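Below: one structure, written as structure tokens.
It should be emphasised that the depicted structure is a prediction, and the values quoted were computed from it without experimental measurement. Just so it is clear: chains get the letters A, B, ... in the order the sequence lines come, proteins before strands, and each one is counted from 1.
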Amino acid sequence: MIDIRLVRDDLESVRDALGRRGVDPKEVDRLAAMDAEARAAVGRRDDVRAEVKALSRQVGEARRSGDTARAEDLAARSRAIGDEERSLNVAAEEAQDEVRQTLLLLPNLPGTDTPDGVGPEDNVVARSWPDTDMEYTEAQRVPHWEVGSELGLLDMERGAKLSGSMFPLYRGFGARLLRALTSFALDSHADEFEEVRPPTMVLTETMVSTGHLPKFEEDAYHLERDDLWAIPTAEVPLTSMWRGDVLDEADLPLRLTAATACFRREAGAAGRDTRGLLRVHEFDKVELFAYATPDQAPALLDSMVARAERMLQDLGLQYRVLDLCAADMGISASRTFDLEVYSPGVDMWLEVSSVSWCTDYQARRANIRYRPTAGGPPAFVHTLNGSALAWARIWAAIVETGRRADGSVVLPEVLSPYLRGETVIPAAG
RNA sequence: GGAGGCGUCGCCUAGCCCGGUUUAUGGCGCCCGCCUGCUAAGCGGGUUUGGGUUAAUCCCCAUCGCGAGUUCAAAUCUCGCCGCCUCCGCCA
């Protein structure tokens, strides 16, 4: 969440910044008023509480000196004030809770470099690779679900039989391709990122820390019996690894990579991009994550985007980098770059990575701080996350891009070590 | 799932039975100062983290795993939960 002090000290700039994200300025004004009221209520409560405590101390002193009558009198007075304290306390807590609930629903402030805009159409294409568009043959113009079923790689029907639609089931070479991609990705980040295998089901608090709750409850799978949530991305558990902790600045940046399944209900996307692997409820993804100081964050953002891009280049997939406009970013982000690969069979740009700098927005929700080497009080860390990469759509792009006239599919050479050297999926015979 | 033990200010630790002179004891570490040819030792002071208030100091509130309760008053009593350890049961 954003720093409430910013709302107090510079209401105008918060109004402007959140306005760029489509937040009604009146909402910000309302927050400022609630905050002022909450502080006043807490002050009233604390004053009365101080009185109760002072009287209670005097009761003890009177008791010790044997003045029972005086002790009883003081206790009675304290009792009377206690009733007032209780009602003031309820009011104070309600007022504070109201501020927090409002704060939890407000998005992060967009960065100064973040492009303006009102929707996806205002995202800026920062760059493309390769410099000139790739050429595609007729053989590559076959959608992956056709290639997948023809070669026995993907069985959406049986997936649906087990779990309902949009739960893919990969077979044979198709399943091996996924495993190869995960190994390839983890190995290529091992130089700087510690590999982690976190749980895929998490507590409510863990989901709140990243910003996925309370606002986007409808998008997540929830196990009611145990009150656990299926993670929509490894960003969720990784953010909470140091929740509530104070790190040493010397340990920053702290870089992690994790391969997990990701679960998304896609509640708001009914009927959109439903074919094949374009949009699925469960997919595997390798995530990059970092805790950093504010100074380290910008360079880390660039390096994480560069890593994701490097993988796409290694895989030989055409892509473009989108600099997301203020209105299209996720709730926690202040700056986001999306990577989209061009997939010739479906003739679409597919989002396969989203790299975000969340400044201290998530750290404040999760209360993750670091102790500055130079001294001074602990400060909130900055968190960054990015996919490198999301496999379902990468799988689609690889299978479509690699398809040859004879129906076989050539896989990227970089995966060879992970495929026992078998980089060609033979044509159906 | 069952039985028992434990969770205190960076680390260790006292306090809990028997609620109130506790602003939570002491040690280690760390910071500042004194002393000193230098270092060590010694001496004095400081050292949880939030919030409120203030020009700043002061002061006030919260914080002894988390939450609720009892009480004029809770680290201390009661209940619930979480985590760790030991043993048992079950189990890949």
Assess the side chains of His144(A) and Trp395(A): does a donor N or O sit below 3.5 Å from an acceptor N or O?
no

NA contact type, Arg369(A), heavy-atom cut-off 4.0 Å: base, sugar-phosphate, or nothing?
sugar-phosphate

If pairing means Watson-Crick or G-U wobble with both distances under 3.5 Å, then the partner of rC66(B) is rG80(B)

Who is the Watson-Crick or G-U wobble partner of rC17(B), with both distances under 3.5 Å?
none

Just checking Arg100(A): base, sugar-phosphate only, or nothing, at a heavy-atom cut-off of under 4.0 Å?
nothing

Do Ser354(A) and Asp338(A) get their side chains close enough for a donor-acceptor pair, meaning under 3.5 Å?
yes

With side chain to side chain donor-acceptor pair (under 3.5 Å) as the rule and sequence neighbours excluded, what pairs involving residues 237-250 of chain A come up?
Thr206(A)-Arg243(A), Ser240(A)-Arg243(A), Glu249(A)-Thr373(A)

When you compare the protein's N or O atoms with those of nucleotides 55-63 of chain B, which come within less than 3.5 Å of each other, and at what distance?
residue	atom	partner	partner atom	Å
rC61(B)	O2'	Asp46(A)	OD1	2.9
rA62(B)	OP2	Lys53(A)	NZ	2.8

Whole-Å gap separating P (rU70(B)) and CG (Asp83(A)):
12 Å

Side chain to side chain contact (heavy atoms under 4.5 Å, CB included), paired with Val124(A), selected from Asp323(A), Asp116(A), Thr114(A):
Asp323(A)

Any strand: nucleotide that pairs with rU48(B) via Watson-Crick or wobble, under 3.5 Å
none

With no hydrogens and no angle check, do the side chains of Thr210(A) and Glu235(A) hold a donor and an acceptor under 3.5 Å apart?
no

Roughly how many Å is it from CG in Asp245(A) to P in rG10(B), rounded to a whole number?
12 Å

From rG50(B), rG51(B), rU21(B), nucleotide with atom closest to Arg5(A) side chain
rG51(B)

Base, sugar-phosphate, or nothing: which does Val42(A) touch, judged by heavy atoms less than 4.0 Å apart?
nothing

If only side-chain N and O atoms count, and only distance matters, is there a donor-acceptor pair under 3.5 Å linking Asp284(A) with Thr182(A)?
no

Under a 3.5 Å limit on both distances, the Watson-Crick or wobble mate of rC87(B) is rG2(B)

Result for 5'-nearest mapping on RNA chain B, choosing between Arg64(A) and Arg79(A), is Arg64(A)

Pairing partner of rA40(B) (Watson-Crick or G-U wobble, both distances under 3.5 Å):
none

rU49(B), OP1 or OP2 - any side-chain N/O from Arg371(A) closer than 4.0 Å?
yes

With the side chain counted from C-beta on, respond yes when Arg264(A) and Phe283(A) share a heavy-atom pair under 4.5 Å apart, and no when they do not.
yes

Calculate the interatomic distance between Asn89(A) atom CG and rG67(B) atom C1'; express it in whole Å.
14 Å

Just to be sure I understand the rule, does Arg77(A) reach a base, reach only the sugar-phosphate, or reach nothing, if contact means heavy atoms closer than 4.0 Å?
nothing

OP1, OP2 of rG19(B) versus side-chain N and O of Arg63(A): anything below 4.0 Å?
no

Could you work out the separation of rC18(B) and rU76(B) based on their C1' atoms and round it to a whole Å?
10 Å

For Gly82(A) and Gly43(A), take the nucleotide of RNA chain B holding the closest heavy atom to each; which residue's nucleotide lies nearer the 5' end?
Gly43(A)

Need one value for Ser56(A): base, sugar-phosphate or nothing, where a base atom within 4.0 Å counts as base even if backbone is also close, heavy atoms only.
base

Taking salt bridge (charged side-chain N to carboxylate O under 4.0 Å, His left out) as the criterion, tell me which of Arg30(A), Arg5(A), Arg8(A) meets it with Asp35(A).
Arg8(A)

For rA74(B), give the paired nucleotide (Watson-Crick: N1-N3 plus N6-O4 or O6-N4; G-U: N1-O2 and O6-N3; both under 3.5 Å), or none.
none

Just compare rG51(B), rU49(B), rG52(B) and give me whichever is closest to any side-chain atom of Arg39(A).
rG52(B)

